[in-house]
Amino acid sequence: MKSFLPVVAFAALVTPAAAQDTNFDFSGFLLNHSASQPNTSSDTLDNDLEVDTNSFALSATYLVNVGDFFDFDVGGFFNLGDFVVGGDITLRHSDYSYTLNGVSLSSTTARSTALGLRAGYPIGRVMPFVSARIGRGTYDANGGSLDIDTREWGIGAEVALIESVSLLASYDRATFERRDLDAEADSDAFSIGIGYRF
């Protein structure tokens with residue numbers, strides 16, 4: 001959960017200045033690339049086993065303005081029409097290195113494709129958002145390939161630097177489950193990326 005704190009700090013720092021511009025449109029197609037070093041854990045791993053992870057993701061997101069379809073004021077606090085919602089697809093590549101008592105054991109790779117939903121609320125040139133995805137992939141180990149299912153959710157913020165280029169930061173929680181047996185691993189990551197809006 002400590003990884004969530006940088007996201008909060010990031011949003012708090014950029015919101016006051018960015019809120020001066022209230023006209024930025026976050027709808028449309030966004031392609032972004034992000035990188036992270038997740039903290040990976042599993043009940044099936046030896047407690048003394050250390051796992052170093054490097055992860056890269058490529059995401060394509062399409063968002064629409066809810067206000068293009070309807071407006072609904074919520075108690076005078078905000079209007080549902082101000083939200084943007086849509087879907088995304090994420091391709092993820094993760095490399096794992098295992099060390100036990102200082103001795104390097106092996107390296108493995110996981111690749112997955114996940115589909116999901118994203119919803120955001122623009123505040124000037126900043127848009128806090130939440131996302132959720134499910135997907136499938138493969139885990140390569142010991143010369144073989146294992147099938148995995150994935151469940152992911154995240155919370156973060158997108159900052160429009162210029163008209164087409166954005167900076168994104170998020171906290172993501174992912175669960176990877178092997179389909180052939182009752183074994184799963186959890187991953188917590190603070191990700192940072194750059195995006196281009198078409």
Side-chain angles (χ1 to χ4, degrees), residues 1-38 54-94 112-135 150-174 187-198:
M1 197 63 181
K2 292 180 179 178
S3 297
F4 177 69
L5 296 178
V7 179
V8 176
F10 173 80
L13 287 173
V14 301
T15 297
Q20 298 174 9
D21 186 346
T22 59
N23 299 317
F24 193 82
D25 184 5
F26 283 92
S27 65
F29 180 76
L30 175 72
L31 184 68
N32 75 277
H33 182 271
S34 61
S36 63
Q37 290 187 314
N54 291 297
S55 183
F56 303 92
L58 181 65
S59 298
T61 306
Y62 188 81
L63 300 173
V64 298
N65 293 308
V66 175
D68 291 343
F69 304 95
F70 70 91
D71 285 332
F72 184 77
D73 188 68
V74 181
F77 294 103
F78 61 87
N79 193 307
L80 289 180
D82 294 333
F83 281 86
V84 291
V85 298
D88 71 17
I89 179 172
T90 298
L91 309 178
R92 192 179 305 279
H93 177 104
S94 300
S112 64
T113 301
L115 298 173
L117 300 173
R118 180 179 296 189
Y121 188 81
I123 307 173
R125 300 184 73 86
V126 178
M127 183 180 70
F129 64 82
V130 294
S131 61
R133 295 177 291 272
I134 58 173
T150 67
R151 302 185 303 274
E152 309 173 20
W153 65 267
I155 182 171
E158 177 185 351
V159 180
L161 301 179
I162 57 176
E163 189 66 26
S164 299
V165 179
S166 296
L167 180 67
L168 296 95
S170 65
Y171 164 78
D172 296 286
R173 170 80 171 185
S187 174
D188 297 279
F190 170 69
S191 302
I192 189 165
I194 191 77
Y196 185 84
R197 177 167 276 99
F198 294 86

Chemist: Checking side-chain hydrogen bond (donor to acceptor under 3.5 Å, both in side chains) against Ser94, which of Ser112, Ser187, Ser55 comes through?
Modeler: Ser55
Chemist: Answer yes or no: does atom CD1 of Ile134 have more than 12 heavy-atom neighbours from other residues, nucleotides or ligands under 6.0 Å?
Modeler: no
Chemist: List the residues meeting salt bridge (charged side-chain N to carboxylate O under 4.0 Å, His left out) with Arg197, not counting sequence neighbours, and say none if there are none.
Modeler: Glu158
Chemist: Is the ring pair Phe198/Phe29 parallel, tilted or perpendicular, if the boundaries are 30 and 60 degrees?
Modeler: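 Aromatic pair Phe198/Phe29 classed tilted.
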Chemist: Can you sort out the partners of Val130 under side-chain contact (heavy atoms from CB on, under 4.5 Å), two or more places apart, ordered by chain and number?
Modeler: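 For Val130 the side-chain contact (heavy atoms from CB on, under 4.5 Å) partners, ignoring immediate neighbours, are Ala119, Ile155.
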Chemist: Excluding sequence neighbours, so at least two apart, what forms side-chain contact (heavy atoms from CB on, under 4.5 Å) with Ile89?
Modeler: Ala60, Thr113, Leu115
Chemist: For Tyr62, enumerate each residue passing the ring-ring contact (aromatic ring centres under 6.0 Å, His included) test, keeping only those at least two apart in sequence or located in another chain.
Modeler: none
Chemist: Quick one: are Ile194 and Val165 in side-chain contact, heavy atoms under 4.5 Å?
Modeler: yes
Chemist: How would you list, by chain and number, every residue that makes a side-chain contact (heavy atoms from CB on, under 4.5 Å) with Ser27, sequence neighbours excluded?
Modeler: Asp25, Asn65
Chemist: Rounded to the nearest 0.5 Å, how far does CG of Leu117 lie from OG of Ser131?
Modeler: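 Result: 9.5 Å between the selected atoms.
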Chemist: Do Ile192 and Leu167 make a side-chain contact, defined as non-hydrogen atoms from C-beta onward lying under 4.5 Å apart?
Modeler: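 Ile192 reaches Leu167 side chain to side chain.
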Chemist: So which atom in Ser191 and which in Asp172 form the shortest heavy-atom distance, rounded to 0.1 Å?
Modeler: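 Heavy-atom minimum between the residues: OG-OD2, 3.5 Å.
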Chemist: Return the minimal non-hydrogen interatomic distance between Leu63 and Gly86, and the atom names on each side.
Modeler: CD2-N, 3.6 Å
Chemist: A side-chain contact here means heavy atoms from C-beta on lying under 4.5 Å apart; do Leu168 and Ser34 qualify?
Modeler: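 With C-beta onward as the side chain, the pair stays apart.
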Chemist: Just how far is it from atom CD1 of Ile162 to atom OH of Tyr196, taken to the nearest 0.5 Å?
Modeler: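 Here the rounded value is 8.0 Å.
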Chemist: Measure the spacing between CG of Leu91 and CZ of Phe56 and express it to the nearest 0.5 Å.
Modeler: 14.5 Å
Chemist: Is any side-chain heavy atom of Tyr171 less than 4.5 Å from a side-chain heavy atom of Asp188?
Modeler: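 A side-chain contact under 4.5 Å exists here.
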Chemist: What closest approach, in Å, do Ser170 and Phe129 show between heavy atoms, and which atom pair accounts for it?
Modeler: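 Where Ser170 meets Phe129 most closely, the heavy atoms are CB-CZ, 4.2 Å.
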Chemist: Might you point out which heavy atoms bring Leu30 and Arg118 nearest each other, and give the distance in Å?
Modeler: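 Looks like CD2-NH1, 4.3 Å.
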Chemist: Is any side-chain heavy atom of Arg133 less than 4.5 Å from a side-chain heavy atom of Asp88?
Modeler: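 The answer is yes, as the side chains (C-beta and beyond) meet within the 4.5 Å cut-off.
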Chemist: Please report the shortest heavy-atom distance between Phe26 and Pro122, naming the atom on each side.
Modeler: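 Closest pair (atom of Phe26, atom of Pro122, distance): CD1-CB, 3.8 Å.
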Chemist: Holding to side-chain contact (heavy atoms from CB on, under 4.5 Å), I want the full list of residues that pass it with Ser59, two or more places apart in sequence or in another chain.
Modeler: Asn32, Thr90
